[in-house]
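Note sheet for the following structure.
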Amino acid sequence: MAPPKKLKKSKKTSKKLKKKQKNKSKSVSVAPIDPKATDSDWWDSFWRKNSSSTDASVPSDEEEAFKYFFRVSKKTFEYICSLVREDLISRPPSGLINIEGRLLSVEKQVAIALRRLASGESQVSVGAAFGVGQSTVSQVTWRFIEALEERAKHHLKWPDSSRIESIKSKFEELFGLPNCCGAIDATHIIMTLPAVETSDDWCDQENNYSMFLQGIVDHEMRFLNIVTGWPGGMTVSRLLKCSGFFKLCENGEWLNGNPRKLSEGVEIREYVVGGASYPLLPWLITPDGSDERSDSWSTFNTIHEEARMLAVKSFLQLKGSWRILNKVMWRPDKRKLPSIILVCCLLHNIIIDNGDQLHPDVALSGHHDSGYGEELCKQVDPLGRTLRENVAEYLQHIKEKSLSK
(Lines give C-alpha, C1' and ligand atoms only; values in the text may rest on other atoms or scores of the structure.)
Protein backbone atom coordinates (compact mmCIF):
# COMPACT_ATOMS: atom_id res chain seq x y z
CA MET A 1 0.00 0.00 0.00
CA ALA A 2 2.93 2.35 0.51
CA PRO A 3 3.89 2.99 -3.15
CA PRO A 4 0.42 4.27 -4.25
CA LYS A 5 0.39 6.73 -1.31
CA LYS A 6 3.82 7.98 -2.26
CA LEU A 7 2.71 8.42 -5.87
CA LYS A 8 -0.38 10.36 -4.77
CA LYS A 9 1.70 12.67 -2.60
CA SER A 10 4.14 13.25 -5.43
CA LYS A 11 1.29 14.17 -7.78
CA LYS A 12 -0.09 16.62 -5.23
CA THR A 13 3.32 18.21 -4.74
CA SER A 14 3.78 18.49 -8.49
CA LYS A 15 0.42 20.23 -8.89
CA LYS A 16 1.27 22.68 -6.10
CA LEU A 17 4.64 23.41 -7.68
CA LYS A 18 3.09 24.09 -11.08
CA LYS A 19 0.48 26.35 -9.50
CA LYS A 20 3.17 28.23 -7.55
CA GLN A 21 5.27 28.70 -10.71
CA LYS A 22 2.21 29.88 -12.61
CA ASN A 23 1.36 32.44 -9.90
CA LYS A 24 4.98 33.55 -9.72
CA SER A 25 4.98 34.04 -13.47
CA LYS A 26 1.86 36.14 -13.19
CA SER A 27 3.29 38.30 -10.43
CA VAL A 28 6.51 38.92 -12.30
CA SER A 29 4.66 39.95 -15.45
CA VAL A 30 2.79 42.70 -13.58
CA ALA A 31 5.71 45.14 -13.69
CA PRO A 32 8.21 44.93 -16.54
CA ILE A 33 11.35 46.76 -15.51
CA ASP A 34 11.47 49.31 -18.29
CA PRO A 35 12.94 52.71 -17.38
CA LYS A 36 10.94 54.37 -20.18
CA ALA A 37 7.72 53.11 -18.60
CA THR A 38 8.41 54.75 -15.26
CA ASP A 39 7.86 58.29 -14.05
CA SER A 40 11.55 59.23 -13.90
CA ASP A 41 11.09 63.00 -14.14
CA TRP A 42 9.15 63.15 -10.88
CA TRP A 43 11.30 65.86 -9.25
CA ASP A 44 10.97 68.34 -12.11
CA SER A 45 7.20 67.88 -12.07
CA PHE A 46 7.03 68.13 -8.28
CA TRP A 47 9.27 71.23 -8.17
CA ARG A 48 7.29 73.05 -10.87
CA LYS A 49 4.08 72.28 -9.03
CA ASN A 50 5.26 73.22 -5.55
CA SER A 51 7.92 75.92 -6.07
CA SER A 52 5.20 78.55 -6.41
CA SER A 53 3.93 77.72 -2.92
CA THR A 54 2.76 80.66 -0.84
CA ASP A 55 4.61 79.13 2.14
CA ALA A 56 7.43 81.59 2.84
CA SER A 57 9.50 78.89 4.56
CA VAL A 58 10.02 76.99 1.28
CA PRO A 59 13.58 77.86 0.12
CA SER A 60 13.97 79.36 -3.35
CA ASP A 61 17.17 77.38 -3.94
CA GLU A 62 16.32 74.04 -5.53
CA GLU A 63 18.84 71.98 -3.54
CA GLU A 64 17.69 73.45 -0.24
CA ALA A 65 14.07 73.03 -1.27
CA PHE A 66 14.70 69.32 -1.86
CA LYS A 67 15.96 69.02 1.72
CA TYR A 68 13.02 71.06 2.97
CA PHE A 69 10.44 68.78 1.33
CA PHE A 70 12.15 65.41 1.96
CA ARG A 71 14.52 66.16 4.90
CA VAL A 72 17.51 64.64 3.10
CA SER A 73 20.01 65.79 0.50
CA LYS A 74 19.79 64.34 -3.01
CA LYS A 75 22.85 62.21 -2.24
CA THR A 76 21.23 60.70 0.87
CA PHE A 77 17.97 60.32 -1.05
CA GLU A 78 19.79 58.20 -3.64
CA TYR A 79 21.30 56.13 -0.83
CA ILE A 80 17.85 55.47 0.67
CA CYS A 81 16.56 54.48 -2.77
CA SER A 82 19.44 52.01 -3.10
CA LEU A 83 18.44 50.37 0.20
CA VAL A 84 14.82 49.77 -0.78
CA ARG A 85 15.07 49.51 -4.58
CA GLU A 86 15.00 45.72 -4.80
CA ASP A 87 11.98 45.44 -2.52
CA LEU A 88 10.02 48.18 -4.30
CA ILE A 89 10.74 46.70 -7.72
CA SER A 90 10.11 43.06 -6.83
CA ARG A 91 6.65 43.57 -5.29
CA PRO A 92 4.81 46.21 -7.33
CA PRO A 93 1.06 46.14 -6.70
CA SER A 94 -1.07 46.69 -9.76
CA GLY A 95 -2.48 49.90 -8.29
CA LEU A 96 0.80 51.82 -8.51
CA ILE A 97 0.04 53.56 -11.81
CA ASN A 98 0.15 57.32 -12.15
CA ILE A 99 -2.32 59.44 -14.10
CA GLU A 100 -0.26 59.16 -17.29
CA GLY A 101 -0.45 55.39 -17.17
CA ARG A 102 3.19 54.82 -16.23
CA LEU A 103 4.54 52.82 -13.33
CA LEU A 104 5.87 54.93 -10.48
CA SER A 105 9.66 54.95 -10.38
CA VAL A 106 11.41 53.82 -7.19
CA GLU A 107 12.53 57.42 -6.71
CA LYS A 108 9.00 58.76 -6.86
CA GLN A 109 7.76 56.07 -4.48
CA VAL A 110 10.49 56.98 -1.98
CA ALA A 111 9.71 60.69 -2.41
CA ILE A 112 6.00 60.12 -1.75
CA ALA A 113 6.75 58.12 1.40
CA LEU A 114 9.32 60.61 2.71
CA ARG A 115 6.98 63.54 2.07
CA ARG A 116 4.15 61.78 3.91
CA LEU A 117 6.41 61.10 6.91
CA ALA A 118 8.12 64.50 6.81
CA SER A 119 5.05 66.69 6.46
CA GLY A 120 2.50 64.67 8.39
CA GLU A 121 -0.04 66.01 5.88
CA SER A 122 -3.02 63.92 4.85
CA GLN A 123 -2.68 61.28 2.17
CA VAL A 124 -4.97 63.39 -0.02
CA SER A 125 -2.68 66.45 0.25
CA VAL A 126 0.48 64.43 -0.37
CA GLY A 127 -1.16 62.68 -3.31
CA ALA A 128 -2.21 66.00 -4.84
CA ALA A 129 1.39 67.26 -4.65
CA PHE A 130 2.56 64.26 -6.70
CA GLY A 131 -0.44 63.77 -8.95
CA VAL A 132 -1.45 60.41 -7.46
CA GLY A 133 -4.42 59.18 -5.49
CA GLN A 134 -4.85 58.74 -1.75
CA SER A 135 -4.76 54.95 -1.97
CA THR A 136 -1.47 55.08 -3.88
CA VAL A 137 0.09 57.24 -1.16
CA SER A 138 -1.11 54.74 1.44
CA GLN A 139 0.27 51.72 -0.42
CA VAL A 140 3.57 53.35 -1.33
CA THR A 141 4.23 54.66 2.18
CA TRP A 142 3.58 51.34 3.87
CA ARG A 143 5.67 49.36 1.37
CA PHE A 144 8.52 51.83 1.88
CA ILE A 145 8.24 51.46 5.67
CA GLU A 146 8.34 47.67 5.44
CA ALA A 147 11.37 47.77 3.14
CA LEU A 148 13.41 50.32 5.11
CA GLU A 149 12.62 48.63 8.42
CA GLU A 150 14.32 45.52 7.06
CA ARG A 151 17.11 47.06 4.97
CA ALA A 152 18.34 49.83 7.28
CA LYS A 153 18.71 47.85 10.53
CA HIS A 154 22.46 48.53 10.57
CA HIS A 155 21.77 52.23 11.14
CA LEU A 156 20.27 51.64 14.59
CA LYS A 157 22.12 49.16 16.75
CA TRP A 158 23.89 49.07 20.09
CA PRO A 159 27.56 49.98 19.52
CA ASP A 160 30.37 47.47 19.84
CA SER A 161 33.14 47.95 22.43
CA SER A 162 35.28 50.05 20.09
CA ARG A 163 32.40 52.40 19.28
CA ILE A 164 31.42 52.64 22.95
CA GLU A 165 34.95 53.78 23.82
CA SER A 166 34.67 56.53 21.22
CA ILE A 167 31.30 57.66 22.61
CA LYS A 168 32.64 57.73 26.18
CA SER A 169 35.62 59.75 25.05
CA LYS A 170 33.35 62.32 23.38
CA PHE A 171 31.05 62.62 26.41
CA GLU A 172 34.06 63.34 28.60
CA GLU A 173 35.46 65.80 26.08
CA LEU A 174 32.15 67.66 25.75
CA PHE A 175 30.85 67.51 29.32
CA GLY A 176 33.59 66.12 31.54
CA LEU A 177 31.48 63.05 32.38
CA PRO A 178 33.71 59.98 32.87
CA ASN A 179 32.60 56.65 31.35
CA CYS A 180 29.23 58.01 30.14
CA CYS A 181 27.75 56.03 27.24
CA GLY A 182 24.71 58.11 26.31
CA ALA A 183 21.57 59.97 27.33
CA ILE A 184 18.04 58.57 27.67
CA ASP A 185 14.60 60.15 27.32
CA ALA A 186 11.03 59.26 26.29
CA THR A 187 8.26 60.98 24.35
CA HIS A 188 4.56 60.49 23.55
CA ILE A 189 3.23 59.86 20.04
CA ILE A 190 -0.34 61.18 20.22
CA MET A 191 -3.14 59.44 18.32
CA THR A 192 -6.89 59.15 18.06
CA LEU A 193 -8.53 55.78 18.54
CA PRO A 194 -11.92 54.46 17.43
CA ALA A 195 -14.40 54.12 20.30
CA VAL A 196 -14.18 50.34 20.11
CA GLU A 197 -10.42 50.47 20.73
CA THR A 198 -10.26 53.02 23.51
CA SER A 199 -8.62 51.87 26.69
CA ASP A 200 -7.44 53.49 29.89
CA ASP A 201 -3.99 52.04 29.21
CA TRP A 202 -3.59 54.23 26.14
CA CYS A 203 -4.99 57.34 27.84
CA ASP A 204 -2.06 59.25 29.34
CA GLN A 205 -1.76 61.83 32.12
CA GLU A 206 -2.89 64.63 29.79
CA ASN A 207 -5.98 62.67 28.67
CA ASN A 208 -4.49 62.02 25.22
CA TYR A 209 -4.35 58.60 23.63
CA SER A 210 -0.68 58.01 22.97
CA MET A 211 2.12 55.52 22.41
CA PHE A 212 5.49 55.82 24.12
CA LEU A 213 8.88 56.03 22.43
CA GLN A 214 12.05 55.73 24.50
CA GLY A 215 15.49 56.33 23.06
CA ILE A 216 19.14 56.29 24.11
CA VAL A 217 21.34 58.63 22.07
CA ASP A 218 25.07 59.26 21.67
CA HIS A 219 26.99 62.56 21.57
CA GLU A 220 25.86 63.19 17.96
CA MET A 221 22.17 62.69 18.88
CA ARG A 222 22.14 59.36 17.04
CA PHE A 223 19.72 56.75 18.41
CA LEU A 224 21.59 53.75 19.82
CA ASN A 225 18.51 51.92 21.05
CA ILE A 226 14.76 52.55 21.04
CA VAL A 227 11.67 50.89 22.49
CA THR A 228 8.13 51.68 21.40
CA GLY A 229 4.69 50.11 21.17
CA TRP A 230 3.86 50.60 24.85
CA PRO A 231 0.80 52.63 25.96
CA GLY A 232 1.37 56.28 26.86
CA GLY A 233 -0.58 55.76 30.08
CA MET A 234 2.44 54.05 31.64
CA THR A 235 4.99 55.92 33.74
CA VAL A 236 8.44 56.51 32.25
CA SER A 237 10.02 54.31 34.92
CA ARG A 238 7.62 51.49 34.07
CA LEU A 239 8.41 51.91 30.37
CA LEU A 240 12.12 51.58 31.14
CA LYS A 241 11.58 48.34 33.07
CA CYS A 242 9.56 46.85 30.20
CA SER A 243 12.34 47.56 27.72
CA GLY A 244 14.96 45.15 26.44
CA PHE A 245 17.54 47.81 27.26
CA PHE A 246 16.72 47.53 30.97
CA LYS A 247 16.93 43.74 30.96
CA LEU A 248 20.25 43.71 29.10
CA CYS A 249 21.77 46.26 31.49
CA GLU A 250 20.43 44.48 34.57
CA ASN A 251 21.86 41.18 33.30
CA GLY A 252 25.26 42.77 32.75
CA GLU A 253 25.20 42.36 28.96
CA TRP A 254 25.19 46.10 28.15
CA LEU A 255 27.01 48.94 29.96
CA ASN A 256 29.42 46.28 31.17
CA GLY A 257 32.71 47.68 29.88
CA ASN A 258 35.82 48.45 31.88
CA PRO A 259 35.25 50.79 34.84
CA ARG A 260 37.02 54.14 34.89
CA LYS A 261 39.58 54.19 37.71
CA LEU A 262 39.86 57.46 39.58
CA SER A 263 42.10 58.50 42.45
CA GLU A 264 42.04 56.69 45.81
CA GLY A 265 40.78 53.46 44.25
CA VAL A 266 37.39 54.86 43.24
CA GLU A 267 35.91 53.24 40.14
CA ILE A 268 33.11 54.53 37.92
CA ARG A 269 31.27 51.98 35.81
CA GLU A 270 29.59 52.64 32.46
CA TYR A 271 26.23 54.43 32.65
CA VAL A 272 23.76 56.68 30.84
CA VAL A 273 22.17 59.92 32.06
CA GLY A 274 18.42 60.47 32.33
CA GLY A 275 15.87 62.90 33.74
CA ALA A 276 14.05 62.87 37.07
CA SER A 277 11.31 60.64 35.61
CA TYR A 278 13.80 57.76 35.64
CA PRO A 279 14.93 55.76 38.67
CA LEU A 280 18.48 56.20 39.98
CA LEU A 281 20.18 52.91 39.13
CA PRO A 282 23.72 51.49 39.16
CA TRP A 283 23.90 52.24 35.40
CA LEU A 284 21.49 55.19 35.05
CA ILE A 285 22.26 58.52 36.73
CA THR A 286 19.51 61.04 37.38
CA PRO A 287 19.84 64.62 38.69
CA ASP A 288 20.15 65.29 42.39
CA GLY A 289 16.88 66.67 43.71
CA SER A 290 17.80 67.12 47.37
CA ASP A 291 17.66 70.44 49.20
CA GLU A 292 21.42 70.32 49.63
CA ARG A 293 22.94 72.92 47.32
CA SER A 294 26.69 72.47 47.72
CA ASP A 295 29.07 73.52 44.96
CA SER A 296 29.69 69.90 43.96
CA TRP A 297 25.98 69.13 43.51
CA SER A 298 25.37 72.39 41.69
CA THR A 299 28.21 71.57 39.30
CA PHE A 300 26.94 68.02 38.83
CA ASN A 301 23.35 69.04 38.09
CA THR A 302 24.45 71.63 35.55
CA ILE A 303 26.69 69.22 33.67
CA HIS A 304 24.18 66.38 33.94
CA GLU A 305 21.47 68.59 32.43
CA GLU A 306 23.71 69.64 29.54
CA ALA A 307 24.42 66.01 28.67
CA ARG A 308 20.80 64.90 29.16
CA MET A 309 19.65 67.62 26.77
CA LEU A 310 21.19 65.63 23.93
CA ALA A 311 18.29 63.19 24.23
CA VAL A 312 15.76 66.03 24.45
CA LYS A 313 17.22 67.67 21.33
CA SER A 314 17.21 64.34 19.52
CA PHE A 315 13.46 64.02 20.00
CA LEU A 316 12.96 67.66 18.98
CA GLN A 317 14.89 66.88 15.80
CA LEU A 318 13.06 63.60 15.23
CA LYS A 319 9.57 65.02 15.65
CA GLY A 320 10.48 68.18 13.75
CA SER A 321 11.92 66.27 10.81
CA TRP A 322 9.22 63.62 10.65
CA ARG A 323 6.11 65.61 11.51
CA ILE A 324 3.85 62.60 11.23
CA LEU A 325 5.09 61.82 14.78
CA ASN A 326 4.28 65.31 16.05
CA LYS A 327 0.72 65.50 14.74
CA VAL A 328 -2.24 63.60 16.11
CA MET A 329 -2.09 60.25 14.34
CA TRP A 330 -5.54 59.60 12.91
CA ARG A 331 -6.79 56.17 14.01
CA PRO A 332 -3.50 54.34 13.46
CA ASP A 333 -3.17 50.57 13.37
CA LYS A 334 -1.47 50.04 16.74
CA ARG A 335 0.37 47.03 15.32
CA LYS A 336 1.80 49.12 12.48
CA LEU A 337 2.52 52.33 14.36
CA PRO A 338 5.72 50.97 15.99
CA SER A 339 7.09 50.30 12.49
CA ILE A 340 6.35 53.89 11.43
CA ILE A 341 8.11 55.18 14.55
CA LEU A 342 11.10 52.89 14.02
CA VAL A 343 11.50 53.95 10.38
CA CYS A 344 11.46 57.63 11.40
CA CYS A 345 14.25 56.85 13.90
CA LEU A 346 16.18 55.01 11.17
CA LEU A 347 15.82 58.01 8.86
CA HIS A 348 17.00 60.28 11.69
CA ASN A 349 20.16 58.16 12.02
CA ILE A 350 20.70 57.92 8.27
CA ILE A 351 20.72 61.72 8.08
CA ILE A 352 23.41 61.87 10.79
CA ASP A 353 25.41 58.96 9.32
CA ASN A 354 25.45 60.67 5.91
CA GLY A 355 26.48 64.04 7.31
CA ASP A 356 23.39 65.92 6.13
CA GLN A 357 22.73 69.40 7.43
CA LEU A 358 19.01 69.93 7.97
CA HIS A 359 17.10 73.11 7.22
CA PRO A 360 17.24 75.26 10.40
CA ASP A 361 13.45 75.54 10.62
CA VAL A 362 12.98 71.78 10.85
CA ALA A 363 13.62 71.10 14.55
CA LEU A 364 10.78 71.80 16.97
CA SER A 365 11.17 74.59 19.49
CA GLY A 366 10.44 74.18 23.18
CA HIS A 367 10.01 70.58 24.32
CA HIS A 368 9.20 67.43 22.37
CA ASP A 369 6.44 66.57 24.86
CA SER A 370 4.86 70.02 25.04
CA GLY A 371 2.07 70.14 27.61
CA TYR A 372 3.34 67.15 29.60
CA GLY A 373 4.68 67.64 33.10
CA GLU A 374 7.65 65.64 34.35
CA GLU A 375 6.71 62.76 36.65
CA LEU A 376 9.26 62.38 39.44
CA CYS A 377 10.50 58.87 40.18
CA LYS A 378 11.60 58.33 43.77
CA GLN A 379 13.26 54.95 43.27
CA VAL A 380 16.89 55.09 44.39
CA ASP A 381 19.30 52.18 44.21
CA PRO A 382 22.14 52.48 46.78
CA LEU A 383 24.72 51.59 44.13
CA GLY A 384 23.25 54.29 41.89
CA ARG A 385 23.54 56.83 44.70
CA THR A 386 27.19 55.92 45.26
CA LEU A 387 27.92 56.20 41.54
CA ARG A 388 26.27 59.63 41.37
CA GLU A 389 28.21 60.85 44.41
CA ASN A 390 31.51 59.66 42.90
CA VAL A 391 30.75 61.38 39.59
CA ALA A 392 29.77 64.60 41.40
CA GLU A 393 32.98 64.61 43.43
CA TYR A 394 35.06 63.94 40.32
CA LEU A 395 33.43 66.81 38.40
CA GLN A 396 33.95 69.22 41.30
CA HIS A 397 37.59 68.13 41.59
CA ILE A 398 38.15 68.77 37.87
CA LYS A 399 36.46 72.18 38.16
CA GLU A 400 38.59 73.24 41.14
CA LYS A 401 41.72 72.00 39.42
CA SER A 402 40.99 74.07 36.30
CA LEU A 403 40.24 77.18 38.39
CA SER A 404 43.53 76.89 40.28
CA LYS A 405 45.59 77.01 37.09
Side-chain angles (χ1 to χ4, degrees), residues 70-71 80 83-84 86-88 90-96 104 106 109-127 130 132-157 186-204 208-215 223 225-234 239 242-244 315 318-319 321-350 368-369:
F70 307 111
R71 302 300 190 242
I80 293 170
L83 290 178
V84 299
E86 186 179 342
D87 290 330
L88 297 189
S90 64
R91 299 184 291 112
S94 57
L96 296 188
L104 297 180
V106 167
Q109 291 182 55
V110 172
I112 289 170
L114 289 180
R115 185 59 190 156
R116 170 80 172 116
L117 298 174
S119 67
E121 293 172 359
S122 70
Q123 294 172 351
V124 172
S125 297
V126 173
F130 286 93
V132 300
Q134 175 183 353
S135 62
T136 298
V137 174
S138 177
Q139 287 183 66
V140 165
T141 302
W142 183 245
R143 289 175 64 246
F144 171 79
I145 287 168
E146 286 184 311
L148 197 72
E149 184 178 16
E150 180 64 28
R151 303 298 178 184
K153 288 177 179 177
H154 56 287
H155 283 284
L156 203 168
K157 60 180 182 179
T187 194
H188 294 85
I189 310 299
I190 301 175
M191 56 188 179
T192 59
L193 292 177
V196 292
E197 289 187 17
T198 55
S199 165
D200 290 341
D201 290 338
W202 295 96
C203 188
D204 60 38
N208 296 317
Y209 291 105
S210 64
M211 183 177 286
F212 253 132
L213 166 61
Q214 175 183 274
F223 288 106
N225 176 267
I226 68 163
V227 60
T228 190
W230 294 94
M234 301 170 68
L239 172 67
C242 288
S243 69
F315 280 123
L318 176 75
K319 283 187 163 183
S321 297
W322 311 106
R323 300 275 170 136
I324 194 168
L325 301 182
N326 194 50
K327 295 191 175 183
V328 178
M329 199 85 65
W330 176 248
R331 294 191 174 184
D333 184 327
K334 291 190 302 228
R335 294 166 299 176
K336 290 184 176 181
L337 182 52
S339 293
I340 297 173
I341 295 169
L342 169 58
V343 163
C344 289
C345 292
L346 288 170
L347 289 166
H348 172 95
N349 281 7
I350 287 171
H368 58 77
D369 250 358

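If you read the sequence from its start, that first residue is 1, and numbering goes on from there. These numbers were taken from a predicted model, which means no experiment stands behind them.
Within the 4.5 Å cutoff, side-chain heavy atoms of Leu318 are placed close to those of Phe223. By the 4.5 Å heavy-atom criterion applied to side chains, Leu213 and Val227 are not counted as neighbours. Contact of the Arg116 side chain with the Val137 side chain is registered, since non-hydrogen atoms from C-beta on lie closer than 4.5 Å. A 4.5 Å side-chain heavy-atom check between Thr141 and Ile340 finds every atom pair outside the cut-off.
Without hydrogens or angle criteria, Arg71 side chain to Ala118 main chain gives a donor-acceptor distance under 3.5 Å.
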Start with the C-alpha gap between Lys319 and Cys344, add the side-chain angles, then the distance that decides, and say whether side-chain contact (heavy atoms from CB on, under 4.5 Å) holds.
CA-CA 9 Å; Lys319 283 187 163 183; Cys344 289; over 6 Å; no

Please evaluate residues Thr228 and Leu342 with respect to the criterion side-chain contact (heavy atoms from CB on, under 4.5 Å), reporting the C-alpha separation (whole Å), side-chain torsions for both, the decisive distance (0.1 Å), and the verdict.
CA-CA 8 Å; Thr228 190; Leu342 169 58; 5.7 Å; no

Mind running side-chain hydrogen bond (donor to acceptor under 3.5 Å, both in side chains) on Ser135 and Ser138 for me, showing each step along the way?
CA-CA 5 Å; Ser135 62; Ser138 177; over 6 Å; no

Show your reasoning for whether side-chain contact (heavy atoms from CB on, under 4.5 Å) applies to Met329 and Thr192.
CA-CA 6 Å; Met329 199 85 65; Thr192 59; over 6 Å; no

Determine, stepwise, if the pair Asn208 / His188 fulfils side-chain contact (heavy atoms from CB on, under 4.5 Å).
CA-CA 9 Å; Asn208 296 317; His188 294 85; over 6 Å; no

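One finds the NE2 atom of His155 at 4.5 Å from the CD1 atom of Ile350 (value rounded to the nearest 0.5 Å). Distance CD1/Ile189 to CG/Asp369: 8.0 Å, rounded to 0.5 Å. The CZ atom of Phe315 sits 7.0 Å away from the SG atom of Cys345 when rounded to the nearest 0.5 Å. Here CG of Leu346 is found 11.0 Å from CD of Glu150. Values are rounded to the nearest 0.5 Å. How far CZ of Arg115 is from CZ of Arg323: 10.0 Å, rounded to the nearest 0.5 Å. The structure places CH2 of Trp142 at 7.5 Å from CG of Asp333, a figure rounded to the nearest 0.5 Å.
The two residues Leu337 and Pro332 make their nearest non-hydrogen contact at CD2-CG, 4.1 Å. When all heavy atoms of Pro338 and Gly229 are compared, the closest pair comes out as CG-CA, 3.9 Å. The minimum heavy-atom distance between Leu104 and Gln109, with the atom names listed, is O-NE2, 3.3 Å. The two residues Phe212 and Thr187 come nearest to each other via the heavy atoms CD2-O, 3.4 Å. Pairing each heavy atom of Ser243 with each of Gln214, the nearest pair is OG-NE2, 3.8 Å. In terms of heavy atoms, Trp322 sits closest to Leu114 at CZ3-O, 3.8 Å.
More than 12 heavy atoms of other residues, nucleotides or ligands lie within 6.0 Å of CH2 in Trp202, so this atom counts as buried by the packing criterion.
Between Glu121 and Lys327 there is no salt bridge, since none of the side-chain N atoms of the basic residue sits less than 4.0 Å from a carboxylate O of the acidic one. For Arg143 and Asp87, the salt-bridge test fails: no basic side-chain N is under 4.0 Å from an acidic carboxylate O.
Every residue two or more places apart in sequence or in another chain that forms a salt bridge (Lys or Arg N to Asp or Glu O under 4.0 Å) with Lys334 is listed here: Glu197.
Only one option out of Leu148, Leu83, Val140, Val84 pairs with Val110 in a side-chain contact (heavy atoms from CB on, under 4.5 Å); it is Val84.
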